[in-house]
Amino acid sequence: MPWLGLGVWKVTEGQEVEHAVRTAIETGYRSIDTAAVYGNEEGVGRAIRDSGVSRDELFVTTKVWNADQGYDSTLAAYEQSLGKLGLEYVDLYLIHWPVKGKYKDTWKALEHLYEQGRVRAIGVSNFHVHHLDDLLQDAVVKPMVNQVEYHPRLSQRPLLAYCQKNGIQMEAWSPLMQGKELISHELLVGLGQKYGKSPAQIILRWDLQNGVVTIPKSVTPSRIRENADIFDFQLSAEDMSLIDGLNLDTRVGADPDNFNF
């Protein structure tokens, strides 16, 4: 699983998503993260096929939506996503949210797909520690990934420690806090000047050095390229601690214990 990927949440189906994915792949990205509910799996698939890059070099993630959770409905949803993507398999299939009373049956469906070799890896998204504990009581296959909201204002240290202890790779969605106040924060601007990088690059590098896979979303070619330019420098331990100090447990998305969709 690549450490950096392109997220396509809220990227419009058609030319916008196709252009973003093509730009990312041309830039060197090899991981693309979509979901059934994003409504752009078809465009992602077209861009992948048009890229000229071998399928086995790419890492494609999609997710089962809440309304489709349950054993049989998840299997059907996977076939629908596969058809829209126009692929023979996906590399990572995730439960999008921990729908109470359904996510365990949904997980059994993911285990079935994994055991059949229909998907290369399976995981979850937006799961708290207690959700993971509950799932692991009956799981045959341990989740390989937990994709969650993660940025310096929501560093989720207990969840990260739990995932690392249990061999679950944490992955960050909205790593830049959807472009809100973080990228203009005085500390991050100053660190950007120190390292010759943008505040966004500082944040994404912080992700990587914490062992968290990151999938920033952008449709702007210059930003897609900028977000990828994070492998030629390293933040000092002192500067990592300064960024850690920005945590306020602030979310831009829903709390997995309190969502109604």
Side-chain angles (χ1 to χ4, degrees), residues 1-11 16-34 47 51-53 57-59 61 145 147-157 159-161 163-164 169-253:
M1 184 180 189
W3 283 102
L4 174 74
L6 177 75
V8 295
W9 179 60
K10 285 192 173 179
V11 181
E16 186 176 61
V17 74
E18 289 177 44
H19 186 251
V21 172
R22 278 199 304 269
T23 300
I25 292 174
E26 288 166 4
T27 300
Y29 288 68
R30 291 297 178 262
S31 175
I32 309 296
D33 179 275
T34 185
S51 70
V53 173
E57 291 183 32
L58 298 173
F59 191 95
T61 301
V145 171
Q147 185 186 114
V148 298
E149 182 179 346
Y150 178 85
H151 45 71
R153 289 296 197 204
L154 185 68
S155 57
Q156 306 225 55
R157 306 303 295 185
L159 180 60
L160 178 57
C163 287
Q164 290 174 336
Q169 177 61 54
M170 205 150 105
E171 182 177 20
W173 64 258
S174 286
L176 303 178
M177 208 178 174
Q178 297 175 23
K180 292 188 166 45
E181 47 91 23
L182 257 189
I183 56 175
S184 60
H185 192 280
E186 181 181 11
L187 171 65
L188 296 167
V189 170
L191 289 175
Q193 293 168 347
K194 174 180 176 179
Y195 289 94
K197 294 290 182 179
S198 70
Q201 289 169 323
I202 296 296
I203 294 168
L204 297 176
R205 184 68 207 179
W206 175 81
D207 287 6
L208 300 189
Q209 288 183 219
N210 278 320
V212 177
V213 169
T214 189
I215 47 169
K217 170 246 175 175
S218 182
V219 297
T220 307
S222 60
R223 291 238 179 94
I224 290 172
R225 289 190 284 270
E226 176 188 304
N227 290 342
D229 190 19
I230 55 174
F231 295 96
D232 61 350
F233 75 107
Q234 184 154 335
L235 297 168
S236 69
E238 179 184 9
D239 290 336
M240 289 288 291
S241 294
L242 289 173
I243 300 171
D244 289 344
L246 295 176
N247 181 57
L248 295 174
D249 293 329
T250 301
R251 294 181 180 275
V252 293

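As the structure is a computational prediction, the values presented were derived from the model and not from experiment.
- Note that CD1 of I183 and CG of L188 are 10.0 Å apart. Values are rounded to the nearest 0.5 Å.
- Under a 3.5 Å cut-off, the side chain of S241 and the backbone N or O of A237 do form a donor-acceptor pair.
- Across all their heavy atoms, P175 and I203 have their closest contact at O-CG2, 3.2 Å.
- With sequence neighbours excluded, the residues forming a salt bridge (charged side-chain N to carboxylate O under 4.0 Å, His left out) with K197 are D229, D232, listed by chain and number.
- Considering only residues two or more places apart in sequence or on other chains, E57 meets the side-chain contact (heavy atoms from CB on, under 4.5 Å) condition with R30, V53, S54.
- Between the D249 side chain and the L154 main chain, no donor and acceptor come within less than 3.5 Å of each other.
- Pairs passing the ring pair (Phe, Tyr, Trp, His ring centres under 6.0 Å) check and including a residue from residues 170-192, sequence neighbours excluded, do not occur.
- No salt bridge links E26 with R22; every basic N to acidic carboxylate O contact stays at or beyond 4.0 Å.
- Shown are L58, T23, I215, L4; of these, the side chain to side chain contact (heavy atoms under 4.5 Å, CB included) with Y29 is made only by L4.
- Within the structure, every pair that satisfies the ring pair (Phe, Tyr, Trp, His ring centres under 6.0 Å) test and touches residues 190-223, not counting sequence neighbours, is listed here: Y150-W206, Y195-F233.
- Remark: T61 pairs with D33, F59, L92, L94 by the side-chain contact (heavy atoms from CB on, under 4.5 Å) rule, at least two apart or across chains.
- Within the structure, the side-chain hydrogen bond (donor to acceptor under 3.5 Å, both in side chains) test picks out no pair touching residues 2-11 (sequence neighbours left out).
- The CG atom of L191 lies 13.5 Å from the CZ atom of R205; values are rounded to the nearest 0.5 Å.
- Paired with N227 under the rule side chain to side chain contact (heavy atoms under 4.5 Å, CB included), one option of T220, L204, L6 passes, and it is L204.
- For Q193, there are no side chain to side chain donor-acceptor pair (under 3.5 Å) partners two or more places apart in sequence or in a different chain.
- With values rounded to the nearest 0.5 angstrom, H151 atom NE2 is found 10.0 Å from L248 atom CG.
- In this structure E181 satisfies the salt bridge (charged side-chain N to carboxylate O under 4.0 Å, His left out) test together with R153, sequence neighbours excluded.
- G5 and P216 make their closest contact through O-CD, 3.4 Å (heavy atoms, listed as atom of the first residue, atom of the second, distance).
- Listed by chain and number, the residues in a salt bridge (charged side-chain N to carboxylate O under 4.0 Å, His left out) with D207 amount to none (sequence neighbours excluded).
- With sequence neighbours left out, S198 forms a side-chain contact (heavy atoms from CB on, under 4.5 Å) with A200, Q201, E226.
- The backbone N or O of V148 sits nowhere less than 3.5 Å from a side-chain atom of Q156 that would complete a donor-acceptor pair.
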* Yes or no on side-chain hydrogen bond (donor to acceptor under 3.5 Å, both in side chains) for D239 and S236, after CA distance, side-chain angles and deciding distance? -> CA-CA 5 Å; D239 290 336; S236 69; 3.2 Å; yes

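- In terms of heavy-atom proximity, I224 sits nearest to A24 at CG2-CA, 3.7 Å.
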* Please test V213 against Q169 for side chain to side chain contact (heavy atoms under 4.5 Å, CB included), starting from the C-alpha separation and ending with a verdict. => CA-CA 8 Å; V213 169; Q169 177 61 54; 3.6 Å; yes

* **side chain to side chain contact (heavy atoms under 4.5 Å, CB included) between M177 and T250, intermediate numbers included** => CA-CA 10 Å; M177 208 178 174; T250 301; 3.9 Å; yes

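- Under the side-chain contact (heavy atoms from CB on, under 4.5 Å) criterion, Q164 pairs with L160, not counting sequence neighbours.
- In this structure, Q209 contributes its side chain and L235 its backbone to a donor-acceptor pair below 3.5 Å.
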* L176 vs L182, side chain to side chain contact (heavy atoms under 4.5 Å, CB included): CA-CA, chis, key distance, verdict -> CA-CA 7 Å; L176 303 178; L182 257 189; over 6 Å; no

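- E149 meets the salt bridge (charged side-chain N to carboxylate O under 4.0 Å, His left out) test with no other residue; sequence neighbours excluded.
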